[in-house]
Amino acid sequence: MNPEELLRHPLPAQTPKLTLGCPLLDRLLGGGVPIDTITEIVAESGTGKTQLSLQLLLAAQLPTSHGGLSASSLYLHSEFPFPFRRLHQLSLCKPHLPENPLDRVFVQPLHSADHLLDLLPRLDFLVPKFNIKLIVIDSIAALFRGEFENTPIELKRRSSMFFKISSKLKFHARKFGLAIVLTNQVVDVMGSSESLRIGNSISFFSSGRRVSAALGLSWANCVNTRLFMWREDERIGSSENERVGEEGETLENFQTRRFIRVVFAPHLPDSSCEFVIRREGVFGV
């Protein structure tokens, strides 16, 4: 968009948002997940990125008066069978949903990055036909696992694929007013530096490991907002309350605490909050 077009069609004063289903998490994101852009959730396995994605599938169906989009969702998964049972469990705990909310979640498995590229043109037909306003891809990293070799030519081809996918997603997001949410995995970071940041690529700690988002800097520059989830194992009780096993070994009690952080976003400061996963969903604390 050039300056003349911007004057004729000024941007809205406030970008519409999709609630995350929790006031504290919405506050962290300045009101929720913004539409027209790509929001990425980075985390190691078992931290809660899929749980939050499922919650968003239901939140999109809420009326706009409750922070939703009054619309259906498309869930593209690449790693495991879709967790219908968990989604059904969440749907029973969420008020203000329409009747038969699972019928408004459309699920499609993905097998590769090329498969995703082949699917994207179909959005011109699927989105208006089924009133889709949220697209979740879980996960983007799995589509590139083992598909490209670690050579300059292959890495260049992979980067080109990144930009093709992200540009098409952003085009459809702006065209139809979609919220695009992607999940991403982490990789271990080697080295002793306490803080490593290059552009939009930064390392973190999760479960005692130094990690960073998979797919590197090229992909980091393709997303608008990056959220990072991590876990910390905390010892419960004092040494006086230690339990002893059958062979005399010390048994320690630990609890897992989970956190979510805004790593970068054009409209948000670097901030974080703790969250928990309950039967009813994901909630900030």
Side-chain angles (χ1 to χ4, degrees), residues 17-26 28-29 32-35 38-111 115-116 119 122-123 126-127 129-143 169 173 176 178-185 227 229 231 256 258 260 275-285:
K17 308 286 200 318
L18 166 63
T19 179
L20 282 85
C22 167
L24 287 178
L25 296 179
D26 283 345
L28 179 72
L29 268 65
V33 176
I35 68 168
I38 298 176
T39 299
E40 180 192 54
I41 305 172
V42 179
E44 67 172 310
S45 178
T47 304
K49 57 184 183 293
T50 297
Q51 296 285 329
L52 186 57
S53 298
L54 296 177
Q55 188 159 293
L56 286 170
L57 297 179
L58 298 174
Q61 302 180 35
L62 295 172
T64 55
S65 59
H66 288 86
L69 303 174
S70 298
S72 302
S73 304
L74 175 62
Y75 190 97
L76 307 174
H77 64 96
S78 58
E79 292 194 273
F80 44 77
F82 181 75
F84 278 106
R85 182 176 299 180
R86 177 55 175 158
L87 182 64
H88 179 257
Q89 183 183 55
L90 288 172
S91 70
L92 300 177
C93 304
K94 304 296 183 183
H96 311 299
L97 289 175
E99 188 177 356
N100 301 322
L102 270 63
D103 292 342
R104 292 172 172 81
V105 176
F106 300 94
V107 180
Q108 169 69 47
L110 289 176
H111 308 298
H115 185 197
L116 175 58
L119 175 67
R122 295 172 54 194
L123 295 180
L126 296 173
V127 167
K129 178 177 176 62
F130 298 106
N131 187 31
I132 293 170
K133 290 295 182 182
L134 168 67
I135 296 177
V136 176
I137 302 177
D138 186 12
S139 75
I140 191 68
L143 299 177
L169 286 172
F176 295 109
L178 306 176
I180 307 289
V181 177
L182 315 177
T183 70
N184 195 359
Q185 302 163 352
L227 309 176
M229 289 178 162
R231 301 185 302 184
T256 298
R258 291 176 168 86
I260 183 171
F275 71 93
V276 295
I277 301 175
R278 303 191 181 111
R279 182 180 184 276
E280 297 82 6
V282 180
F283 301 96
V285 295

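Hydrogens, waters and symmetry mates play no part in the numbers below; they use all other heavy atoms, side chains included.
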N/O donor to acceptor pairs below 3.5 angstrom from side-chain atoms of residues 275-285, sequence neighbours left out:
none

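For the atom pair OG of S139 and CD1 of I41, the computed distance is 11.5 Å after rounding to the nearest 0.5 Å. Expressed to the nearest 0.5 Å, how far CG of L227 lies from CG of L20 amounts to 8.0 Å. Atoms CD1 and CG, from I180 and L74 in turn, are 9.0 Å apart once rounded to the nearest 0.5 Å. Atoms CG and CD1, from L134 and I35 in turn, are 11.5 Å apart once rounded to the nearest 0.5 Å. For the atom pair CG of L87 and CZ of R85, the computed distance is 13.0 Å after rounding to the nearest 0.5 Å. Atom CD1 of I132 sits about 8.5 Å away from atom CG of L178, to the nearest 0.5 Å.
Below 30°, between 30° and 60°, or above 60°: for Y75 and F82 the angle between ring planes is above 60°, a perpendicular geometry.
S78 meets the side-chain hydrogen bond (donor to acceptor under 3.5 Å, both in side chains) test with no other residue; sequence neighbours excluded.
Side-chain contact between L52 and V181 is absent, with no heavy atoms from C-beta onward closer than 4.5 Å. At a threshold of 4.5 Å between non-hydrogen side-chain atoms, the residues L116 and I140 count as touching.
Although no hydrogens or angles enter the test, the distance criterion places no donor-acceptor pair under 3.5 Å between the side chain of Q61 and the main chain of G68. With K49 contributing its side chain and T183 its backbone, the two residues share no donor-acceptor pair below 3.5 Å. Without hydrogens or angle criteria, R258 side chain to T47 main chain gives a donor-acceptor distance under 3.5 Å. No donor-acceptor pair closer than 3.5 Å links the side chain of D138 to the backbone N or O of H77.
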Task: Residue pair T50, F80: steps toward the side-chain contact (heavy atoms from CB on, under 4.5 Å) verdict - done: CA-CA 11 Å; T50 297; F80 44 77; 3.7 Å; yes
TODO: Determine, stepwise, if the pair S72 / N131 fulfils side chain to side chain donor-acceptor pair (under 3.5 Å).
DONE: CA-CA 6 Å; S72 302; N131 187 31; 5.4 Å; no
Task: Verdict with reasoning, L169 to I137, per side-chain contact (heavy atoms from CB on, under 4.5 Å) - done: CA-CA 11 Å; L169 286 172; I137 302 177; 4.1 Å; yes
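Between A141 and Q185, the shortest heavy-atom contact is CB-OE1, 3.8 Å. Nearest heavy atoms, H66 versus T19: O-CG2, 3.7 Å. In terms of heavy atoms, L58 sits closest to L97 at O-CD2, 3.3 Å. Considering all non-hydrogen atoms of both residues, Q51 and L90 come closest at O-CD1, 4.5 Å. Contact record, D26 with L18: OD1-O, 4.5 Å, taken as the closest heavy-atom pair. Closest of all the heavy-atom pairs between G32 and K17 is O-CD, 3.6 Å.
At most 12 heavy atoms of other shown residues, nucleotides or ligands fall within 6.0 angstrom of atom NE2 in H88.
For residues 99-110, the set of pairs meeting the side-chain hydrogen bond (donor to acceptor under 3.5 Å, both in side chains) definition, not counting sequence neighbours, is empty.
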